[in-house]
Amino acid sequence: MAEACTPECSATAWIVDSIIKGCERGTRIFSVGGPPEGDHLHTLTAKRKGINIQFGGGPSMDHWDEAFRAVCSGSLDVGPMLGHTVGLDGVPAALDAARDANGPARIIVVPGS
């Protein structure tokens, strides 16, 4: 059985917890946003499923270089991770949207777009 891998970048405990509860046995979770604080994680569920969770620290420099090359070459589509892209004139509305719990998780400002 191939190992499933789930990257997580929000550092939001409820997202990490939802991954723990919803993933398959043997999944590896990389939480590069930092360890969540203040909320409960179902660690017993993670243990029973044999889940490997890595917080912070991140991958080695070789992994960063490999990911950078993949993004630059186009072999890794980062579009789904961007959230919402706006030009400078869209920043005020984007900030208002980000304050909403249902707003975009990430907003990328692209001057001139």
Side-chain angles (χ1 to χ4, degrees):
M1 178 166 120
E3 181 180 81
C5 177
T6 302
E8 189 285 319
C9 303
S10 70
T12 305
W14 70 268
I15 292 177
V16 176
D17 200 45
S18 69
I19 294 170
I20 289 170
K21 291 188 282 186
C23 71
E24 297 178 20
R25 291 185 60 78
T27 294
R28 293 177 65 196
I29 301 170
F30 295 98
S31 182
V32 296
E37 295 181 13
D39 286 327
H40 176 76
L41 294 178
H42 286 88
T43 55
L44 184 58
T45 301
K47 182 177 180 176
R48 287 180 179 157
K49 288 183 165 187
I51 296 171
N52 177 326
I53 305 173
Q54 179 179 340
F55 291 106
S60 70
M61 286 308 297
D62 289 341
H63 292 140
W64 285 113
D65 293 341
E66 181 182 348
F68 184 74
R69 285 191 299 274
V71 170
C72 291
S73 72
S75 64
L76 177 62
D77 178 17
V78 296
M81 294 180 267
L82 292 180
H84 187 64
T85 304
V86 298
L88 288 175
D89 59 340
V91 170
L95 291 174
D96 286 340
R99 289 182 186 101
D100 184 321
N102 296 316
R106 289 170 186 78
I107 299 170
I108 309 299
V109 179
V110 181
S113 66

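These numbers come from the heavy atoms of this one structure, side chains and all, not from hydrogens, waters or symmetry mates.
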Got a sec, which residues hit ring-ring contact (aromatic ring centres under 6.0 Å, His included) with H84, two or more places apart in sequence or on another chain?
->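 Here no residue qualifies.
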Between the main-chain N or O of T27 and the side-chain N or O of K49, is there a donor-acceptor pair closer than 3.5 Å?
->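 Checking the backbone N and O of T27 against the side chain of K49, no donor-acceptor pair under 3.5 Å is found.
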Atom CD1 in I108, atom OG1 in T85: separation rounded to 0.5 Å?
->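 I108 atom CD1 to T85 atom OG1 measures 6.0 Å (nearest 0.5 Å).
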Just jot down the salt bridge (Lys or Arg N to Asp or Glu O under 4.0 Å) partners of K21, sequence neighbours excluded, or say none.
->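 K21: salt bridge (Lys or Arg N to Asp or Glu O under 4.0 Å) contacts with D17.
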List in chain and number order the residues that pass side-chain hydrogen bond (donor to acceptor under 3.5 Å, both in side chains) with D96, two or more places apart in sequence or in another chain; answer none if no residue qualifies.
->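 Counting only residues at least two positions away or on another chain, D96 forms a side-chain hydrogen bond (donor to acceptor under 3.5 Å, both in side chains) with R99.
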With sequence neighbours excluded, residues passing side chain to side chain contact (heavy atoms under 4.5 Å, CB included) with T43 |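 T43 satisfies side chain to side chain contact (heavy atoms under 4.5 Å, CB included) with L41 only.
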Tracing side-chain links under 4.5 Å among I, L, V, M, F, W and Y, which residues wind up in one group with I107?
->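 Joined to I107, directly or through intermediates: V86, L88, V91, L95, V109.
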Pair listing, side-chain hydrogen bond (donor to acceptor under 3.5 Å, both in side chains) test, anchored in residues 72-82, at least two apart |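 Sorted result for residues 72-82: S73-S75.
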Knowing that exactly one of I51, T45, L44 qualifies, which makes a side chain to side chain contact (heavy atoms under 4.5 Å, CB included) with R48?
->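 Option passing the side chain to side chain contact (heavy atoms under 4.5 Å, CB included) with R48: L44.
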